[in-house]
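Below, read A as the first sequence line, B as the second, and so on, with proteins coming before strands; counting in each chain starts at 1.
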Number of protein chains: 2
Amino acid sequence: MTETDSLPERKRGSGVKMVYDLLRDEILDLKIAPGSPIDEVQLAERFKMSRTPIREALVRLAGEGLIETLPNRSTMVSNIDFMNLHTFFDALVLMYRVTTRLAAQSHRPEDIAIIRGFHEDYATALKARDHLTMIATNAAFHAAIAEAGRNPYFTSLFRRLLDEGRRILQLYYQSYEEHFPQRFVDEHAAIIAAIEARDLEEADRLGKAHAEAIVAQVQKLFSRNDRLDIAL
Amino acid sequence: MTETDSLPERKRGSGVKMVYDLLRDEILDLKIAPGSPIDEVQLAERFKMSRTPIREALVRLAGEGLIETLPNRSTMVSNIDFMNLHTFFDALVLMYRVTTRLAAQSHRPEDIAIIRGFHEDYATALKARDHLTMIATNAAFHAAIAEAGRNPYFTSLFRRLLDEGRRILQLYYQSYEEHFPQRFVDEHAAIIAAIEARDLEEADRLGKAHAEAIVAQVQKLFSRNDRLDIAL
DNA sequence: TGCATTTTATTTGTCGACAAGAAAAATACA
DNA sequence: TGTATTTTTCTTGTCGACAAATAAAATGCA
């Protein structure tokens, strides 16, 4: 509702990107709930621009599956498909493996610095018990590893999966507020070491184990919820 | 240039999809060369609609990497990145494996019928020595297998790779006009059999072998071209 | 009151127009 | 003639308005 627009002056091509980035973050941080309707005119008023650039941003978001648009009728934030979470987890685990392995193979020195940066940001956020930052920096950490692997096809799919994962982890931490495992930080450190040592097999193995640990933990929560739903 | 628009009457939401589909096919069939500029007003005239829906179609195509758009300046058909073809092949081979394996695991009877349909279309096109149809039905065949695997994340990446592959195969067949291997038809048949038998390992193995055969063949061509470039 | 039909309201898809940016052309100047 | 600067041209990004499509409300009728 409250909008902090300091500059009414906007550069020519920047409006779309701004709306896109902001909406994307709000969706991934669950600030806008899945299923919420998205109103073009409302957004146009909020950002003080015409509907045209708003629409372009929405088309992009729809292209990444973050919003769904019914023809001639409402557009809304995509729901999380709990029924088919296993397909998400399958893809996530495989991409963790592949990207970590490729990073061990193809990284350059400067990549390690970037990865370490996010690693430290994550550790800091964990100490501060800051969910949102933890989730976002964790995603950034693994995205940086994928970038170091230098396969844009894998990177883009992995980014999409990490995005979707941000929403799911968000739900997870809303249920388990006091759960902040140092373990993940240690695993991250081990992954970095394997990448730096160019040990493909170890990187692959660690990536797989790390992914499966996260998946197992999240699945535990949702299976509990499933049982709850059935009980109702 | 010549446009066959029989109906000047268009339904409300159909314009964007029409432009999108047509442009997409023209790009993938190399009817528009990589690097060609795309002019919005020209398209608007050609399809007899305003620039707005044209633009939406272009944004979609850009989202899939089929066109590239320089801010405030021209937009053009994406070039094929020959320098990094190996990343494409890596991703392609892995997705061939994964989707074929998942199809063996998760397919339903009705999927087989669809897959067989494209299989036969491919065989027909091969007999007719019709490049364009061969390439398109081959992509459709493997996309159908991916659909039977029922993992939308893998399917969407694989679709993108198959699309890009259409352009590359197009180049390939432009060089080797008389090369129409029956072998691929046989391999397709074997893949269908493995899927139907729900033999995951065999499906995986065949998918990998099939992919690597295609990759090897294409690489042979391009490595020859590479040498040529160096010789010049 | 309950259901079918018409009317109104809301939201999207499309349009034509205009202005900002960048390249190309034209001009000035050495 | 060659380079710097201005002018023109061309394309894109944005705008406000209108029309089609759908949902919601109102009305009619039993």
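Across all strands shown, B:L70 has no heavy atoms under 4.0 Å from either base or sugar-phosphate atoms. Within 4.0 Å of A:L58, counting heavy atoms only, lies no atom of the nucleic acid at all. B:T75 comes within 4.0 angstrom of the backbone, heavy atoms only, and of no base. Contacts of B:E40 with the nucleic acid, taken as non-hydrogen atoms under 4.0 Å apart, involve only primed sugar atoms and P, OP1 or OP2.
One atom, CD1 of B:I38, and another, C1' of D:dT12, lie 14 Å apart when rounded to the nearest Å. What separates CZ of A:F47 from P of D:dC15 is a distance of 13 Å, to the nearest Å. Straight-line distance from the CE atom of B:M49 to the P atom of D:dA20: 16 Å, rounded to whole Å. Counting to the nearest Å, the C1' atom of C:dT11 and the CE atom of A:M76 are 16 Å from each other. Distance B:I54 CD1 to C:dC15 C1': 12 Å, rounded to the nearest Å. The CG-C1' distance, from B:L43 to D:dT12, rounds to 14 Å in whole Å. Protein atom NZ of A:K48 is 13 Å distant from nucleotide atom P of D:dC15, rounded to whole Å. B:R51 places its CZ atom 10 Å from the C1' atom of C:dG16, with the value rounded to the nearest Å.
Considering only the side chain of B:R12, D:dA20 comes nearest among C:dC15, C:dT11, D:dA20. Distance from the side chain of B:R73 is smallest for C:dA22 among the nucleotides D:dC18, C:dA22, C:dC15. Between D:dT12, C:dT14, D:dT14, one nucleotide has an atom nearer to the side chain of A:S50 than all others, and that is D:dT14.
A side-chain hydrogen bond (donor to acceptor under 3.5 Å, both in side chains) with A:D29 is found for one member of A:R24, A:R166, A:Q170 and no other, namely A:R166.
Toward the 5' end of DNA chain D, the nearer of the two residues A:N72 and A:P53, judged by each one's closest nucleotide, is A:P53. Toward the 5′ end of DNA chain D lies the nearest nucleotide of A:V16, the other residue of the pair A:P71 and A:V16 mapping further downstream.
Between A:D130 and A:M134, every side-chain heavy-atom pair lies at or beyond the 4.5 Å cut-off.
Scored by the side chain to side chain contact (heavy atoms under 4.5 Å, CB included) test, A:E45 finds no partners at all (sequence neighbours excluded).
Side-chain polar atoms of A:R160 and B:S156 form a donor-acceptor pair below 3.5 angstrom.
Ion pairing between A:D163 and A:R159 fails under the 4.0 Å rule for side-chain N and carboxylate O.
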